[in-house]
Structure formats: structure tokens, C-alpha cells
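Naming convention: chains lettered A, B, ... in sequence-line order (proteins, then strands); numbering from 1 in each chain.
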Amino acid sequence: MSMYLLSAHDISALVTELQASYDVYGPQVEPQTKQVFFDQLASAEALDLAAPIPSMPVKEILFPQMERILKYKYDAQSQSVELSKQYFERPKVLFGLRPCDLSGILVLDRFFLGQEFVDDVYLTHRRQCLLISNTCLHPFPQCFCVCTHSGPDADEGFDLDLTQLKDGILVRVGSEKGQALADAHQWSVASAAHAAEFKAVVERSIDLFPELATDNKAWVAKVMNRITTGFVKPETWEYIGDQCFECGACSFVCPTCSCFNIEDSATACGECERLRMRDSCSFEGYARMAGDHNPRQPVEDRRNKRFFCKLSYPQSKKYLRPGCVGCGRCQWVCPGDIGLPNVVQYIRREITGGQN
Amino acid sequence: MANCHGNHEHGNCKTTGLCPIVTFPEVVNIDEIRDEIPEVKTFYLSFPNKDVEREFRIKSGQFIMCTVFGAGEFAVSLPPSPENDRFHISVRAVGKVTNALHALKPGDKLGVRGPFGNGFPFEDIKGKNIIYVAGGIGLIPLRSSIVHALQHREDFGRIILLYGARSSQDLMYQPDIKEWQQNAGFETFITIDKPEAGWNGEVGYVNQLIEKAKVPVDNSVAFVCGPPVMFNSVIGEFLKRGMSEDAIISTLERQMKCGIGKCQHCAVGRTLVCTDGPVYTYRQIKTLGEQI
Ligand SMILES: Cc1cc2nc3c(=O)[nH]c(=O)nc-3n(C[C@H](O)[C@H](O)[C@H](O)COP(=O)(O)OP(=O)(O)OC[C@H]3O[C@@H](n4cnc5c(N)ncnc54)[C@H](O)[C@@H]3O)c2cc1C
Ligand code: SF4
Ligand code: SF4
Ligand code: SF4
Ligand code: FES
């Protein structure tokens, strides 16, 4: 893997240059609220590579909360219909992805593009995307990517990867597209000392993870085992299900949750649009059929579905990794106490009889 | 022009060369509407685009996603045989979209995506006896396989249909049934729940026909579709007679939004009904760990 060393000024220049042919998105801090959003950059100055993990996952750009995929107009008089496709391709750069969010995109890629069918809508957003990741020099509260092997540094899937070192920003190249950019700019090649410093920076970051995270490391694999084989006691699922308010927040903030709903709705001008919007398996109506037949009534059935999605072997076969990328956002937003790290804890307690 | 709109990136395009209509619905015309039984109508359809029509090939047991313009999309089984049959669907009006469909007239247009789903086995069951067991509108998903098997009569052993409905008014596909009853190679047993004036067929529940028909269990497969109560009693009867759990085949119904394994609404246990199903063996259904 080739490595280069860039200055902060080189990075700004790169952003500005890319903006000529791409929509460039990156982390930026909202001045009033200090919230971090991963959004389209108005200019290179708006980019803040030191900003903490954004509160919403980057999937918003590739798999929006709600999008129109189709428009049609039916004329009952002439019995004719006009249909038009509503999703379009736009080249994008995702600049400064946290490694967990990058892993989240890889999970969505494998799910939407790698199964029996290819999802045309996702593919259209994803084609012509440049992914530039950004090593975390220290974890943020709730981070536990060390348990799920998705941070604090990226090891696959990026075109370019950035790490802040003492002398400048280390750029690691991860793809031909990334290499083409490096060659076109004749960036200065990084030394062996820089490569060693990169290793040390990552080691230091790993040492800074909170105890809960490092302590849970081996347990994630054990819990996956239990969930896959169905060895988690019904009481434990009930304990977990009892704390779910069915708000859906965990699904909306999770970089790897991909469920959606489709609905046709009339617009003011006699047209109809087909909307595709994110959905959550925690909602009671999720599996309900006509005549109010609901095969998945109890809330713990629906909760156990989410954790099965995140932590089980059949699911990781689809993703080529666990479904959880350790960003900790669900822990952040859950009004109950059943963010993913806590669920690991509860199952762990069950296994050890409350010892640990 | 391929029905997958040219990208050939989907599993079916690669494995079978048959490209389904995946995302962008293809327009079909309603040629004719027939009242089937109370609340159920059959819609005969055709594609104005003849290229699409030529490439639109189905397997028994598959389904399509059907758009009623202005109302939405719903999943519906394909009752026609894959060979030499008219393209049609039979729909019960139960809610928003299906009621909107029932309000349409011949000449109105619908949208179609698909066909989707695994379908019933056909090649694997050659040489065996086939027992079809249907309750009420459970005959809709079985019709395709029945007609297809009869078109290849010499490939199978005995072919038996056990069909039950609440009353003689509730029997689906009556013209077909009349024809089937004339067919010497097809043993049909039709029953209604209660006696009726003018009815000289069987009376009682479908599971009681199993005894009557002297259903063979060796070298046989059973296709069972109907309401859960019927399903359970029929399965119980077959198992008691020593039929293998792998030889009992049924279809599952779940809420469906995409039909292509992405929205996850149809998840049952570890499988997705739209891509892993809707056809399952009883052994698989048993291990899904969810209600039918
Ligand atoms: C594989 C498959 C094959 C089917 N074949 C047939 C058939 O041949 N004939 C027939 O009459 N019906 C069939 N159904 C059931 C049919 O899809 C539902 O009756 C229909 O979706 C109800 O929609 P609605 O908007 O009228 O009802 P509403 O109650 O208004 O439904 C609201 C929403 O719930 C969903 N929904 C409700 N019930 C079901 C259901 N049973 N299955 C899936 N989604 C549901 C729909 O997506 C709908 O948008 C089939 C279902 C599946 C999954
Ligand atoms: S979870 Fe890991 S990769 Fe994600 S922001 Fe935290 S430290 Fe970085
Ligand atoms: S399950 Fe929770 S911690 Fe894991 S990726 Fe999703 S939001 Fe992040
Ligand atoms: S955030 Fe918590 S309470 Fe809300 S749906 Fe998710 S698990 Fe349930
Ligand atoms: S219908 Fe969307 S996944 Fe099955």
C-alpha cells in the first residue's frame, strides 16, 4: 500500500478541486449547537476532520430517510399511465468517514448489491462514489469498534485513508481510484518513520477505549454464538424486550440498519409518487397483514430480530462481518437501556450467572 | 430489451437467463375481469410491450408485485401455468390496494414487477404421486402447478386434488374444476363444510378426504395451501400416515414491500419469504420458529 504525507493545505486544496466534479460531503460542526453533521460541504473550510463522530450515520447520503423513487400519473378517462424514474446518479465524495461508518457502508454494499438481487436505487447512489476515511486518534464516548473490528483505523474499502500525524496528514491508498489521485498530484511519499508513527497512533487510540469496550471484546463473539444457536434464555429476551419503547431510534441511527417501507402517495397536482422510507423492525405494524393478522406480536420477538441481525452468523454471512460496527449510536439514543453493548452485557451476565 | 432493464446484475438473470422486472413496474392492460367467488375476482392481463411479454416467463408458485396506480403495490400469486395459459391473477378484496383493484374496469392499467420467489419444485418430483390439498382461496397459488402437471400427465404417478370450501358459492375456478372432473387422469375430491340443497359432492372438512381418497404416502408429495386451521389438521393427518416432512410443501404469506430481499418486511426466522420462499417444505416451516 503506498503512503503519502500531506499538509492541511494540501487537503483543503484537494477538497476544493474535487468539488469541481463531485458533490463533496464531510463532517462539519454546526456553530450554535456544536452538533456534528456529515453533510455536503459548502467550501473546504467547513470540513472539520477533528470533529467527533457525527450523530447521524453517513448512510443518509446513500440510503436517505425518505426518497421518491417513482412518479406516475394515471388518467382514468383515457385509461393511460405515464411513469418516470426518480433516482439519479451523482458523483459523490465522502470525505473524512469515521472507520465505523466506512464499515457501515461496506455492510450496506454487501447487503444491497451482493445478494440474489441488486438494489437499483442504492446502486444508483453508490456508483461513482469516492470513500475517504479518517483514523480516530481517540475514541468518543460509547465507541466500541475494537470489539467489532471496525476501528479505530480502517483496513478495507477506502479509496484514500487519512491519519493526523505530527508532521502532517498520512494518506494511505486503498484502491486504483485512490492511486490515480495520488499520481495526478505527485504527493510526497511518506517515510518508514511515518508508517511506524501511524502504528503507534492506532495503538495509543486502542489503549484509550473505555473499560466496557475492551472488556467486552471477546464477549461479542461468544454472544454471537449464543444468539445464532438460540441459546439465549427467553427470560433474557423478555428483560430486553420490556425495555423497548418501540421508538425506532436505534434503527434510524444505525449505520447498518437497512429496512424500508414503500408507499404510494398522491401529490397536489394529480400525480402520485412512490416513496421509499426507512422503517424499523421494532414497530408493531412492521409485519402486520390484512385482517390484522400479525405473526410477530410480542415486542421481545421484534427486539430479538434486531439483535439477530446485528450479531449472528447467518447474517454475517451476508455482510462478511458482524452486522454491528461498534459506533455506539444505539446506546446513545435508546430511551430504554438496550443499546447493543448493553445487550451484550445482559447476555454475558446470563452466561456467567451474573459473575461478570 | 430485458425485463431487468438491461443491467443483468440480478441472480435470476445470471442463473436462468430469465430477467425479472425488478424496480420499475411494467404496464399491463386488464383485458377481462371475472367474478370468481364473493370478494374474489380474476383479472386477465396482457403486456402492451410485446418484447416484455415474450421475456416474461414464470415458474409455478412464484408471485408478482402488482401496482394499482394511485393506491399502491401488493404481492399476488401467479395462478397460470408456465406454458400455454392466459396471464391472470385472482385477488380477494381485503384492504386499501385490493379494494382499489376491484373498482377497476377492463382497459384500465396496472403495474407489474417480478416474477419473484423460488416456486414449486417440478423437475424433482417427476415420477411421484402428487396430492394437492387446498382450502378456500388456497387454490389460487396451487392452480399453476396443477395445470402444469396435467400438461405433463405422463411424468407423474397419481394426481389427486382434495379441495374444500365453506359452501358451493366459495369454490374457486369452477370452469377449471368442471374440466378437471372430466379428466380421467386426475382424481378430484371436492367438499363443502355443510350440506346444501342441490349439492351431491362431499360434505365435511378437507382433512377427512385424505382417508376417502386413499392417499398414497410413499413416493408422494403433497402441496398444501389454505387457512392455518386447515393447514394444521391436514399436516397432522399426513404425518400420522407416515408422510415425510420433506414431502409436504406449502407457501407462506408475509407482508411484502420490495419482493427482492431488501426491505426485510417478509422476514420469517432466518429466511425472507420473497427470495427464500414463498414455497417451503414442512420441515423448513417447523424450524422457522414463528407463527404460520
Ligand atoms: C407471496 C404472496 C402471494 C399472495 N397471493 C395472493 C393472491 O393470489 N390473491 C390474493 O387475494 N392475495 C394474495 N396475497 C395477499 C395480498 O398480498 C394481500 O391481501 C394484500 O397485500 C393486501 O393489501 P391491501 O392494501 O388491500 O390491504 P391492507 O390491509 O390495506 O394492507 C396494508 C398493507 O399491508 C400489506 N399487507 C397486508 N396484508 C398482507 C398479506 N396478506 N400479505 C402481504 N402483504 C400484506 C400490504 O403491503 C399493504 O400495503 C399474497 C401475499 C403474498 C405475500
Ligand atoms: S466507533 Fe471507532 S471508528 Fe467509530 S468513531 Fe468511535 S473510535 Fe472512531
Ligand atoms: S447496532 Fe448500535 S452500535 Fe452497532 S452499528 Fe448499529 S447503532 Fe452502532
Ligand atoms: S432505541 Fe431502544 S427503545 Fe427505541 S426502538 Fe430501539 S431498542 Fe426500542
Ligand atoms: S418483500 Fe422486501 S425483503 Fe421480502
Taking all non-hydrogen atoms of both residues into account, name the closest pair between G70(B) and C272(A) and its distance. CA-SG, 3.6 Å
Non-hydrogen atoms of D108(B) and Y74(A) that approach each other most closely: OD1-OH, 2.7 Å
T267(A) portion near chain B, given a 4.5 angstrom heavy-atom threshold: neither
Give me the atom names and distance for the closest heavy-atom approach of K109(B) to V81(A). CB-CG1, 4.4 Å
Taking CZ in R86(B) as the centre, count heavy atoms belonging to other residues, nucleotides or ligands within less than 6.0 Å. Is the count above 12? yes
Do the side chains of L70(A) and P25(B) get nearer than 4.5 Å, heavy atoms only? yes
Measure across I260(B) and V118(A) and return the closest heavy-atom pair with its distance rounded to 0.1 Å. CD1-O, 4.4 Å
Check the surroundings of atom CZ in F231(A): do more than 12 heavy atoms from other residues, nucleotides or ligands lie under 6.0 Å from it? no
Per-residue contact mode, L110(B) against chain A (heavy atom under 4.5 angstrom): neither
Heavy-atom count around R283(B) CZ within 6.0 Å, excluding the residue itself: above 12? yes
Which of the residues S84(A), G230(A), S258(A) is involved in the greatest number of heavy-atom pairs with chain B at under 4.5 angstrom? S84(A)
Would you say F24(B) and I69(A) make side-chain contact, with heavy atoms under 4.5 Å? no
Atom CD of Q169(B) with >12 non-hydrogen neighbours under 6.0 angstrom: no
If you draw a 6.0 Å radius around CD in E82(A), do more than 12 non-hydrogen atoms from other residues or ligands fall strictly inside? no
For Y87(A), is it the side chain, the backbone, both or neither that has a heavy atom under 4.5 Å from a heavy atom of chain B? side chain
Show the nearest heavy-atom pair for residues D264(A) and K96(B), with the distance to one decimal. O-NZ, 4.3 Å
Just how far is it from atom CZ of R274(A) to atom OG1 of T67(B), taken to the nearest 0.5 Å? 3.5 Å
Any side-chain to backbone donor/acceptor pair from Q264(B) onto C257(A)? Under 3.5 Å, distance only. no
Please determine whether a side-chain nitrogen of the Lys or Arg among K257(B) and E263(A) lies less than 4.0 Å from a carboxylate oxygen of the Asp or Glu. no
With a 4.5 angstrom heavy-atom cut-off, could you sort out which part of V273(B) is near chain A: side chain, backbone, both or neither? neither
Relative to F111(A), does K262(B) satisfy both conditions: NZ or CZ under 6.0 angstrom from the six-membered ring centre, and within 45 degrees of the ring's axis? yes
Atom group of R276(A) that falls short of 4.5 Å from chain B, counting heavy atoms: neither
Crowding at NZ, K317(A) (>12 non-hydrogen neighbours, <6.0 Å): no
dist C274(B):SG -> E116(A):CD (nearest 0.5 Å) comes out at 8.5 Å
If you define the side chain from C-beta out and look only at heavy atoms, does anything of H265(B) sit under 4.5 Å from D279(A)? yes
Residue F260(A) versus chain B: region with a heavy atom under 4.5 Å: both
